[in-house]
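Everything below concerns the one structure shown next.
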Amino acid sequence: MSCWMPGCPALSMCRGLAALPITCLERAKDLKSRLGILLHKAELGHKAGSSGKLQLGSRRRDSSREVLEWRESFDQLLKSKSGVNAFHTFLKTEFSEENLDFWLACEDFKKTRSKTKLASKANRIFEEFVQSEAPREVNIDHETREITRKNLSGATSACFNEAQAKTRTLMEKDSYPRFLKSASYQDMSRQAAGRGSGKRPHT
């Protein structure tokens with residue numbers, strides 16, 4: 001807006017702005033810019049909050065499906081981190097969690113790449129779980145125990161394969177069916193089924 005008439009408000013405003021120091025004008029521009037950024041972030045935050053709620057609902061559905069999949073096979077249970085945790089808690093009630101701990105130690109052992117670490121880990125696992133009267137001795141036959149002992153002399157990532165397989169079979173045939181029948185899993189599966197259908201489980 002421009003005006004040539006004396007006393008024009010627009011002319012006075014322009015003169016007033018022109019009289020301001022450059023630093024004041026720069027600060028005003030900076031504040032305007034920051035305000036725009038804050039408003040933009042607030043808008044993004046609102047959108048993120050909405051999508052976060054959707055993601056949470058999706059995660060709940062996924063976890064519900066996962067719980068119900070545990071009963072399909074022992075493999076499905078072992079593939080699930082939360083399934084392994086739930087099974088481990090159950091095994092503690094039966095004082096047999098060393099079987100799962102040994103199986104998990106073997107899985108971790110197979111990922112070891114350093115030959116030096118491989119040998120030290122192999123000895124530690126053998127002493128803790130496999131040797132006779134080990135602190136957390138697993139239930140395997142004498143022959144498997146001796147085969148594993150001989151494997152230690154040239155430790156490879158496969159030296160516990162036989163002992164691990166025997167322990168896994170024992171858990172699958174013995175502990176796993178009891179876990180599925182346990183009150184804790186029955187309760188979890190009822191809740192999962194209720195969430196999956198969108199209905200609250202009956203109490």
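No experiment lies behind these values; they were computed from the predicted model shown.
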Pairwise side-chain contact, [X] with [Y], heavy-atom cut-off 4.5 Å (strictly under):
| X | Y | value |
| --- | --- | --- |
| Leu100 | Met171 | yes |
| Lys121 | Asp108 | yes |
| Leu78 | Trp103 | yes |
| Arg145 | Glu137 | yes |
| Asn151 | Phe126 | no |

Would you say [Y] and [X] are linked by a side-chain donor-acceptor pair, where the criterion is simply a distance under 3.5 Å?
| X | Y | value |
| --- | --- | --- |
| Ser157 | Lys110 | no |
| Asp141 | Thr144 | yes |
| Ser82 | Glu66 | yes |

What heavy-atom pair brings [X] and [Y] nearest, and what distance separates the two atoms?
| X | Y | value |
| --- | --- | --- |
| Ala86 | Trp70 | CB-CZ3, 3.9 Å |
| Gly83 | Leu77 | O-CD1, 3.4 Å |
| Ala119 | Ala155 | CA-CB, 4.2 Å |
| Glu98 | Val138 | O-CG1, 3.7 Å |
| Cys159 | Thr148 | O-CG2, 3.9 Å |

Residues passing the salt bridge (charged side-chain N to carboxylate O under 4.0 Å, His left out) test with Arg178, sequence neighbours excluded, are Glu94, Asp174

Nearest 0.5 Å please: distance from the [atom1] atom of [X] over to the [atom2] atom of [Y].
| X | Y | atom1 | atom2 | value |
| --- | --- | --- | --- | --- |
| Ile140 | Ile147 | CD1 | CD1 | 9.5 Å |
| Asn99 | His88 | CG | NE2 | 10.0 Å |
| Glu97 | Phe95 | CD | CZ | 8.5 Å |
| Leu170 | Ser175 | CG | OG | 6.0 Å |

Return yes if some donor-acceptor pair links the side-chain N/O of Thr112 with the main-chain N/O of Ser114 below 3.5 Å, else return no.
no

Same apolar cluster: Leu118 and Leu104, side chain cutoff 4.5 Å
no

Under the rule for side chain to side chain contact (heavy atoms under 4.5 Å, CB included), what residues qualify as partners of [X], not counting sequence neighbours?
| X | answer |
| --- | --- |
| Asp187 | Arg190, Gln191 |
| Gln76 | Glu69, Glu72, Ser73, Lys79 |
| Ser182 | Phe90, Phe179, Ser184, Tyr185 |
| Glu128 | Arg136 |

Below 30° counts as parallel, above 60° as perpendicular, anything between as tilted: where do the rings of Phe102 and Phe129 land?
tilted

Which of parallel (below 30°), tilted (30 to 60°) and perpendicular (above 60°) describes Phe87 and Phe74?
perpendicular

Give a yes or no on whether a salt bridge exists between Asp75 and Arg168, defined as a side-chain N under 4.0 angstrom from a carboxylate O.
yes

What residue pairs, at least two apart or across chains, pass ring pair (Phe, Tyr, Trp, His ring centres under 6.0 Å) with a residue in residues 135-159?
none

Heavy-atom count around Glu146 CD within 6.0 Å, excluding the residue itself: above 12?
yes

